[in-house]
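Handing you this structure, nothing more for now.
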Amino acid sequence: MRVILYAKPTIKVSEVVEYLSKKIKQHCVEFAGDFLEKYPPSNIDRLSHEIARIRVLNPNKEFEYNDVTYGEIQFEKKVLERKISPHGILYDGFMLQYIYRELIPLDKRSLEQVHIIFTDRLFGTFDEVDRRYHSRVILLGYPSLISTTGIVEAPAKPREFYIQKILLGHDPLAYEEIKEQFRGRFIDHGDPRMEEVLKGYAMQAVFYQVFNEAFCDNKICRLYNSHWQEEVINSQFTEPEFCKKHRQMAKSL
Amino acid sequence: MVIPMFDKVDEKDVTRAIMESFSKEFQESAESDVIIVGGGPSGLMAAKELASRGVKTLLIERNNYLGGGFWIGGYLMNKVTVRVPAHKILEEIGVPLQKYSSGLYVTSGPHACSKLIAAACDAGTKILSMTRVDDVVLRENNRVAGVVVNWTPISALPREITCVDPVALESKLVIDGTGHDAEVVQALVRRGLMKIKGYGAMWVEKSEDAVVEHTGEAHPGLIVMGMAVSTVYGLPRMGPTFGAMLLSGKRAAEIALDLLGK
């Protein structure tokens, strides 16, 4: 089996590649650079249009294609050309995964290949229970997507953080002040701990495809599906790395 | 005997001076490279950047004053804050800034606003105040190629007692910097040529960046900047963040220069 990691140059993953190479002995691990450079779209305008269509405009409504505008297509084109970042946009995760999958040539779509794409796009999935979108860090499947923006935005920050936020409103300057108060208790944009966290999520993608098992119920295990930032920090930075069961399984990788 | 302080000038001379100079400038402004609608911080910034590069720029403002909300900060206090890196723009135009905390600067609203207005004027921007945009001029493939304007007071009069036709001004590009109202965009929406997404409430983090990065051509010939961007794309609504407005204006000017091939 080959584990292939993709990331554009702005996302640091060299330590993740090194980490997986050490952990995975039976399979080949390689870094293939930017996914869109490896598998360039035949028509960038069409791809821009397809991505613009999957923006989530109303998080309380089930997915439906966005009626795209000229400006949205131009924006997505600039993101694909790496001129700007997709800040402030939530995309439907399953549709994004589908778009990426379609870009992988048919002869590369074997289950013998684990494709893991690191992206700065924020994506979410619609929850049928509470009928709203939830942003996600990882979307397992083919390919597996891991969002660096999702690591910051998806797991909830400490409860007190949100109480402060309600009190101070939506002013970005006030927001920065609140962030300062809680500094260290959550992973932030540009956080030096980001790459360490990515290692754990990359392992979740590998476990999913190799063992058909992704998450662990044990809060200390790197495979724990964290819903809170404090859980992310706890599961990704405390020893031992894995619970007993997953430590054994990791040995056979 | 009282020695007159001022030279003797008749009333008719004053009237002629106003009329002739306005008429000459208005006639020249009937065709510009870029028309910027809205004289708030993003409009002034874009105007300064474009005019200083030799782009024939006309700034249209519906009020009799420029600056929009840039004169005052929160709670009507005349201190405004800007976040790094937007402070550099104010430094460049000679606005004294005080570092408040890491990444945050504070300055006097009146000082910053008046300096920005002066910078736009010094660069050669032509200004049409008390003027409202009623509609857009369209060319092939519905490309925006100008605006239809009228005096602001006309819009305040009941239609039954007034029938004052507007006039049209042509340009290669139009920039909408009219804030949340997105007035130029709305003219295209009324014609069924554009759709807007309204305000979104996805995530506040990076909302300023989102406005700057979405600044761009929203319809052929029409660039959207400032808070109009969040209306058009359904981005998270922000508080009074002047830094994002200044950077959005700068970005709009860069895109206009690119589209003009300059």
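Scope of the values below: all heavy atoms of this structure, side chains included, with no hydrogens, waters or symmetry mates. Residue numbers start from 1 in every chain, and the chains themselves are labelled A, B, ... in the order their sequence lines are given, proteins ahead of strands.
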Practice problem: Rounded to the nearest 0.5 Å, what's the gap from CD1 on A:Ile84 to CZ on B:Arg251? Could you check? | Solution: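 The CZ atom of B:Arg251 is 6.5 Å from CD1 of A:Ile84, to the nearest 0.5 Å.
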Quiz item: Considering residues, nucleotides and ligands other than A:Tyr98, do more than 12 of their heavy atoms fall under 6.0 Å from its OH?
Solution: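 Count not over threshold, so no.
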Exercise. Select one option (side chain, backbone, both, neither) describing which atoms of B:Leu193 are under 4.5 Å from chain A's heavy atoms.
Key: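 Looking at B:Leu193, nothing touches chain A.
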Quiz item: Do other residues, nucleotides or ligands put more than 12 heavy atoms under 6.0 Å from A:Arg46 CZ?
Solution: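 Open: at most 12 neighbouring heavy atoms sit under 6.0 Å from CZ of A:Arg46.
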Quiz prompt | Nearest non-hydrogen partners of A:Asp67 and B:Lys197, listed with the distance | solution =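 That would be O-NZ, 3.3 Å.
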Quiz item: How far does NE2 of A:His87 sit from CG of B:Leu235, to the nearest 0.5 angstrom?
Solution: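 These two atoms lie 12.5 Å from each other.
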Quiz item: What pair of heavy atoms forms the shortest contact from A:Gly88 to B:Ala210, and how long is it?
Solution: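 Of all heavy-atom pairs spanning A:Gly88 and B:Ala210, the closest is CA-CB, 4.0 Å.
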Quiz item: Which atoms form the tightest heavy-atom contact between A:Arg55 and B:His214, and what is the distance?
Solution: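 That closest heavy-atom pairing would be NH2-NE2, 3.2 Å.
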Practice problem: Drop me the distance from A:Glu180's CD to B:Ser102's OG, to the nearest 0.5 angstrom. | Solution: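 Going from the CD atom of A:Glu180 to the OG atom of B:Ser102 covers 7.0 Å.
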Quiz item: Quick one: are B:Val232 and A:Thr69 in side-chain contact, heavy atoms under 4.5 Å?
Solution: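 The answer is no, as the side chains (C-beta and beyond) never meet within the 4.5 Å cut-off.
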Quiz item: So does B:Glu31 have more than 12 non-hydrogen atoms from other groups sitting under 6.0 Å from CD?
Solution: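 Atom CD in B:Glu31 is not packed in, count stays at 12 or less.
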Quiz item: More than 12 foreign heavy atoms under 6.0 Å from OH of B:Tyr100: is that the case here?
Solution: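 At most 12 heavy atoms, drawn from other residues, nucleotides or ligands, come within 6.0 Å of this atom.
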Quiz item: Considering residues, nucleotides and ligands other than A:Tyr19, do more than 12 of their heavy atoms fall under 6.0 Å from its OH?
Solution: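 Correct, the count exceeds 12.
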Self-check item: Point-to-point distance, once rounded to the nearest 0.5 Å, from OH of A:Tyr70 to CG of B:Leu222
Solution: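 Taking OH in A:Tyr70 and CG in B:Leu222, the distance rounds to 10.0 Å.
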Quiz item: If you draw a 6.0 Å radius around CG in A:Asp127, do more than 12 non-hydrogen atoms from other residues or ligands fall strictly inside?
Solution: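 Counting other residues, nucleotides and ligands, CG of A:Asp127 exceeds 12 neighbours.
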Quiz prompt | Salt-bridge contact B:Glu213-A:Lys78 (side-chain N to carboxylate O under 4.0 Å) | solution =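 Salt bridge: no.
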Quiz item: According to the salt bridge (Lys or Arg N to Asp or Glu O under 4.0 Å) rule, which pairs have a member within residues 41-61 of chain B, sequence neighbours left out?
Solution: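 Checked against salt bridge (Lys or Arg N to Asp or Glu O under 4.0 Å) - neighbours excluded - the pairs reaching residues 41-61 of chain B are B:Glu49-B:Lys250.
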Quiz item: Between A:Gln74 and chain B, which part of the residue has a heavy atom less than 4.5 Å away: side chain, backbone, both or neither?
Solution: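 When you check distances to chain B, only side chain atoms of A:Gln74 fall under 4.5 Å.
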Exercise. Under 4.5 Å heavy-atom distance to chain B, tell me which part of A:Ser135 shows up: side chain, backbone, both or neither.
Key: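 Looking at A:Ser135, nothing touches chain B.
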Quiz item: Does CD belonging to B:Gln98 count more than 12 external heavy atoms closer than 6.0 Å?
Solution: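 At most 12 heavy atoms, drawn from other residues, nucleotides or ligands, come within 6.0 Å of this atom.
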